Amino acid sequence: MGRMKIADVAESIDHELVSSSDIHDRIAEIARQVSEDHRGDDLLLVGVLKGAVNTMVAFSQALSIPVTMDFMSLSSYGSGTTSSGSVKVRQDLSTDVRGRHILVVEDIVDSGRTLAWLVDEFRRRGAASVEVFALLEKPARREVDVEVKYHGFDIPDEFVVGFGLDYDERFRNLDSIAVLKPSVYQGAHA
Ligand code: PRP
């Protein structure tokens, strides 16, 4: 009762990768570090929809400094599972970032293309500084070098869902991060 756990979707999940308590402990650790590093900075957190929402909520509530928050919706041009490199803004910030200290909050860095584009874009818009917090990284898939200052967990190159990450919009509300059973996506077109 109370939250969606692996047991509630057991038929779709192969195994758990990061437990709910490990996620929250790591986020709390990073939040302590960010609170120390950015005391007095008037930091703007930017969450990338939709996957980063869960991380944004947990992270912002674990900070001990006042921040402001905004969100952006992005999509890569082209379809399929590989990012093509060019990014389209579906929904922009409502904040003028000129002169602001920005911390981008991401659920996962895969190729790194989304993040590299976003960091460049905020610099073009005149941000005073741009740093990144990513809960997950898949080092095996990285194509573009982009600095992730605050980093949660490295994970293997497997199809993961939960804590914001979806398969076909499902499983975002799973409380942990888990590997999907191949049977769930086999036969489905990308
Ligand atoms: C995911 C993730 C990042 C991006 C990472 O978003 O949240 O924004 O892909 O991939 P990259 O490093 O290869 O650029 P997705 O497009 O799945 O959208 P969603 O967050 O709405 O699920």
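Counting starts at 1 for both ligands and their atoms, following the listed order. None of the values given here were measured: they were computed from a predicted structure.
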Derivation and outcome, side chain to side chain contact (heavy atoms under 4.5 Å, CB included), residues Val34 and Leu43: CA-CA 10 Å; Val34 170; Leu43 193 62; 3.9 Å; yes
Test side chain to side chain contact (heavy atoms under 4.5 Å, CB included) applied to Asp168 and Tyr185, step by step: CA-CA 9 Å; Asp168 200 18; Tyr185 53 85; over 6 Å; no
Step-by-step side chain to side chain contact (heavy atoms under 4.5 Å, CB included) determination, Ile108 to Leu165: CA-CA 8 Å; Ile108 188 165; Leu165 289 113; 3.6 Å; yes
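Contact annotation for Arg172 and ligand 1: only side-chain heavy atoms (C-beta onward) come within less than 4.0 Å of the ligand. Only the side chain of Glu106 comes within 4.0 Å of ligand 1, counting heavy atoms alone; its backbone N, CA, C and O stay farther away. At a heavy-atom cutoff of 4.0 Å, ligand 1 is contacted by no atom of Leu165, backbone or side chain. Counting heavy atoms closer than 4.0 Å to ligand 1, residue Asp107 contributes side-chain atoms (C-beta onward) but none from N, CA, C or O.
Among residues at least two apart or in separate chains, salt bridge (Lys or Arg N to Asp or Glu O under 4.0 Å) pairs with a member in residues 39-49 are Asp42-Arg100.
Taking the side chain as every heavy atom from C-beta outward, Val67 and Phe59 never approach each other to under 4.5 Å.
Each of the atoms 2 (C), 3 (C), 5 (C) of ligand 1 lies under 4.0 Å from some heavy atom of Ile108. Within ligand 1, the atoms closer than 4.0 Å to a non-hydrogen atom of Leu49 are 20 (O), 21 (O), numbered from 1 in the order shown. Residue Lys50 has at least one heavy-atom neighbour below 4.0 Å for each of these atoms of ligand 1: 19 (P), 20 (O), 21 (O). For ligand 1, the atoms sitting less than 4.0 Å from at least one non-hydrogen atom of Asp166 are 22 (O), numbered in the order shown with element in parentheses. The atoms of ligand 1 that sit less than 4.0 Å from any heavy atom of Ser111 are 11 (P), 12 (O), 13 (O), 14 (O). In the vicinity of Gly51, heavy-atom distances shorter than 4.0 Å reach the ligand 1 atoms 19 (P), 20 (O), 21 (O). Less than 4.0 angstrom separates some heavy atom of Gly112 from each of these atoms of ligand 1: 11 (P), 12 (O), 13 (O).
Between His24 and Phe163, the ring centre distance stays below 6.0 Å.
Other residues, nucleotides and ligands contribute over 12 non-hydrogen atoms within 6.0 Å of the CZ atom of Arg124.
Of the options Thr114, Leu74, Val109, the smallest heavy-atom separation from atom 14 (O) of ligand 1 is shown by Thr114.
With respect to Asp14 and Lys181, no salt bridge is recorded, no charged nitrogen being found less than 4.0 Å from a carboxylate O.
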